[in-house]
Each structure stands twice: as C-alpha cells, then as structure tokens.
Amino acid sequence: MHMSRTFLWEAEQVARMRAPEYLAAHGITSVSADGIVNIALHGGYADQEVRRLAANLLDRAHAEAVRRWAAWYRGVRRITSVSVNEFLALAESEPGTHHGVTKTKLRKAARRILAHVRRSSSAA
C-alpha cells in the first residue's frame with residue numbers, strides 16, 4: 001500500500017486483477033480484460049451493455065481499493081476501537097471538497113479517533 005497513490009490508481013489495479021473473472025461471470029467475450037478496464041477508465045467504442053459492465057467493474061474495484069486501504073491504514077495506525085466499516089463511515093462524514101471517502105478524510109478520521117481514545121484513556 002502506498003500513501004501517495006490515488007484511489008483511482010489503486011482501483012485500476014484491482015479492476016485489472018478482477019476483470020477476467022468478471023467478464024467470465026457475465027459471459028462477455030466481445031472485449032478483453034484490458035479492454036473493459038480501458039473502457040471503464042477512458043470510454044471508447046462499446047455497446048451499452050459493455051459500457052455499463054465496465055462502469056460497474058470500476059465502481060466495484062474502487063470500493064474494494066478504498067476498503068483495502070482503510071483496513072491497511074487502520075492497522076498501521078493501530079486503530080482497534082472501531083471496525084473498518086465504522087472507520088469508513090467516520091471518514092465519509094468528514095468535511096472536504098470531494099464527495100465520498102478520500103485518503104485525506106481517512107487520515108482526519110484516524111486523527112479524531114486516536115485523539116478521542118487518548119482523551120478517554122487519560123480521563124480514566
């Protein structure tokens with residue numbers, strides 16, 4: 001895991017890894033694994049069904065990349081007081097210029113969680 005890589009880069013890697021099984025599961029033979037990832041990322045000529053499946057693949061890959069990174073970062077910061085789902089929900093509720101969960105929002109949420117844990121342990 002790299003802090004400096006974007007979720008889009010990480011989602012692309014997950015999509016490339018998942019594309020063959022995804023295509024097989026949907027019975028798509030008109031496009032290659034690389035082709036569907038490229039359609040998802042850059043558009044291009046494809047029928048409506050392939051474009052829809054490409055967008056769905058990228059959405060799923062993005063969600064998986066966010067979840068993996070959150071789980072990894074939670075472990076790095078030794079955040080055990082909340083689950084990955086709770087961590088993601090806290091990050092999503094952080095204010096920011098981008099919609100959804102970002103690495104910055106995850107870092108902010110981690111700081112808040114750790115500050116709360118410190119305050120709670122010092123008050124006890």
Side-chain angles (χ1 to χ4, degrees):
M1 296 286 164
H2 295 281
M3 294 277 254
S4 62
R5 293 192 175 144
T6 66
F7 279 143
L8 180 58
W9 184 91
E10 292 180 21
E12 180 182 353
Q13 303 316 302
V14 172
R16 289 196 185 285
M17 183 176 59
R18 299 276 184 246
E21 68 189 45
Y22 184 79
L23 289 171
H26 288 89
I28 301 293
T29 57
S30 61
V31 65
S32 68
D34 281 340
I36 199 160
V37 173
N38 289 335
I39 290 167
L41 292 169
H42 309 293
Y45 177 76
D47 65 35
Q48 198 68 7
E49 178 70 7
V50 170
R51 281 199 304 249
R52 185 184 64 74
L53 288 171
N56 186 38
L57 172 64
L58 189 59
D59 287 346
R60 287 176 176 213
H62 186 269
E64 184 177 333
V66 169
R67 183 169 199 73
R68 279 184 183 185
W69 198 90
W72 170 80
Y73 191 63
R74 184 176 157 264
V76 166
R77 295 297 303 266
R78 294 183 176 94
I79 298 171
T80 58
S81 59
V82 297
S83 68
V84 173
N85 288 339
E86 291 167 322
F87 186 37
L88 287 168
L90 289 168
E92 190 164 14
S93 68
E94 285 287 332
T97 56
H98 290 50
H99 175 72
V101 176
T102 64
K103 288 182 180 181
T104 299
K105 288 181 178 183
L106 284 163
R107 288 183 198 105
K108 286 180 180 179
R111 283 193 296 271
R112 286 183 195 274
I113 293 165
L114 293 171
H116 177 72
V117 168
R118 282 192 290 274
R119 281 193 305 273
S120 296
S121 64
S122 66

Transitively linked via ILVMFWY side-chain contacts under 4.5 Å: [X] with [Y]?
X      : Y     : result
Ile36  : Leu8  : yes
Tyr22  : Leu41 : yes
Leu114 : Trp69 : yes
Val14  : Leu58 : no
Val76  : Phe7  : yes

Gap separating the [atom1] atom of [X] from the [atom2] atom of [Y], nearest 0.5 angstrom:
X     : Y     : atom1 : atom2 : value
Leu57 : Ile28 : CG    : CD1   : 11.5 Å
His62 : Glu10 : NE2   : CD    : 9.0 Å
Ser83 : Leu90 : OG    : CG    : 9.0 Å
Asp47 : Arg52 : CG    : CZ    : 10.0 Å

### Task
Examine the side chains of Gln13 and Arg16 and answer whether a donor and an acceptor come within less than 3.5 Å of each other.
no

Closest contact, heavy atoms only, [X] versus [Y]:
X      : Y      : answer
Phe87  : Ala110 : CE1-N, 3.7 Å
Lys108 : Pro95  : NZ-O, 3.8 Å
Ala61  : Ala15  : CB-N, 3.6 Å
His26  : Leu53  : CD2-CD2, 3.5 Å
Ala54  : Ala40  : O-CB, 3.2 Å

### Task
Report the residue from Arg112, Arg107, Arg111 that forms a side-chain hydrogen bond (donor to acceptor under 3.5 Å, both in side chains) with Glu94.
Arg112

### Query
Between Arg18 and Glu64, does a salt bridge (Lys or Arg N to Asp or Glu O under 4.0 Å) hold up when you go through it step by step?
CA-CA 11 Å; Arg18 299 276 184 246; Glu64 184 177 333; 2.8 Å; yes

### Crowding at NE2, His98 (>12 non-hydrogen neighbours, <6.0 Å)
no

### Query
Leu23 and Thr29: side chain to side chain contact (heavy atoms under 4.5 Å, CB included), yes or no, with the steps?
CA-CA 7 Å; Leu23 289 171; Thr29 57; over 6 Å; no

### Message
Check whether Arg67 reaches the backbone of Val84 with its side chain - one donor and one acceptor, N or O, closer than 3.5 Å.
### Response
no

### Task
Give a yes or no on whether the backbone of Lys103 and the side-chain of Tyr73 come within a donor-acceptor separation of less than 3.5 Å.
no

### Query
Residues in ring-ring contact (aromatic ring centres under 6.0 Å, His included) with His116, at least two apart?
none

